[in-house]
Amino acid sequence: MRDDAHDWFGSINPGGWMAWTLPTAVFFTIIAGLLILFTWLAIRFPETPRRGVLGITTTRGDRLFISLLGSAFICLLWLGIMGMPLWGGLAIALLYAAAVFRWV
């Protein structure tokens, strides 16, 4: 790597207790932003729970949780079967999340 180049996957805090890299910080920032957005939506636009194809009653927050949990398993399976890079697993996880929000 060149001396003037930024190491995007290097530790933000060298010698720190956790390997905070830029992708890790972006990931947690997006999750926090989603939680704030969904809290604001629940306050501003209250929703009545609906029953989807699974036969369970869900709200927006429930569907967000189901999609995040499922996406984690999809990405782990992708890593276990295909390895890096994770772009294909991310695309499948986004399709899965869209399906959860549409039909669950």
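- In this structure, CG in L86 is found 9.5 Å from CD1 in I92, a value given to the nearest 0.5 Å.
- Put simply, the side chain of W78 gets close to the backbone of P85: a donor and an acceptor are under 3.5 Å apart.
- Clustering ILVMFWY residues whenever any of their side-chain heavy atoms sit less than 4.5 angstrom apart, transitively, puts F65 in a cluster other than the one holding L34.
- A distance of 11.5 Å separates CD1 in I36 from CD1 in I31, rounded to the nearest 0.5 Å.
- Expressed to the nearest 0.5 Å, how far CG of L95 lies from OG of S67 amounts to 12.5 Å.
- I30 and Y96 fall into different hydrophobic clusters, where Ile, Leu, Val, Met, Phe, Trp and Tyr are joined by side-chain heavy atoms under 4.5 Å apart, directly or via other members.
- For T57 against P49, the heavy-atom pair with the smallest separation is CG2-CB, 3.1 Å.
- Put simply, the side chain of I43 does not reach to within 4.5 Å of the side chain of F38, judged on heavy atoms.
- Think of L90 as one node in a network of Ile, Leu, Val, Met, Phe, Trp and Tyr side chains linked at under 4.5 Å; its network also takes in W87, L94.
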(request) Might you work through the side-chain contact (heavy atoms from CB on, under 4.5 Å) test for I56 and R51, ending with a clear yes or no? (result) CA-CA 5 Å; I56 59 174; R51 186 179 295 272; 5.8 Å; no
(message) Pair F45, R60 - check side-chain contact (heavy atoms from CB on, under 4.5 Å), show working.
(response) CA-CA 11 Å; F45 306 105; R60 275 185 226 115; 4.0 Å; yes
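- Scanning both residues, F101 and R50, for their nearest heavy atoms gives O-NH2, 2.6 Å.
- Residues L35 and L68 share a hydrophobic cluster, clusters being chains of Ile/Leu/Val/Met/Phe/Trp/Tyr side chains in contact below 4.5 Å.
- The CD1 atom of I66 sits 8.5 Å away from the CG atom of L69 when rounded to the nearest 0.5 Å.
- Of the inter-residue distances, the one linking W103 atom CH2 with T58 atom OG1 reads 14.0 Å to the nearest 0.5 angstrom.
- Nearest heavy atoms, G89 versus I74: O-CG2, 3.7 Å.
- Identified under the salt bridge (charged side-chain N to carboxylate O under 4.0 Å, His left out) test for residues 62-74, with sequence neighbours left out: E47-R63.
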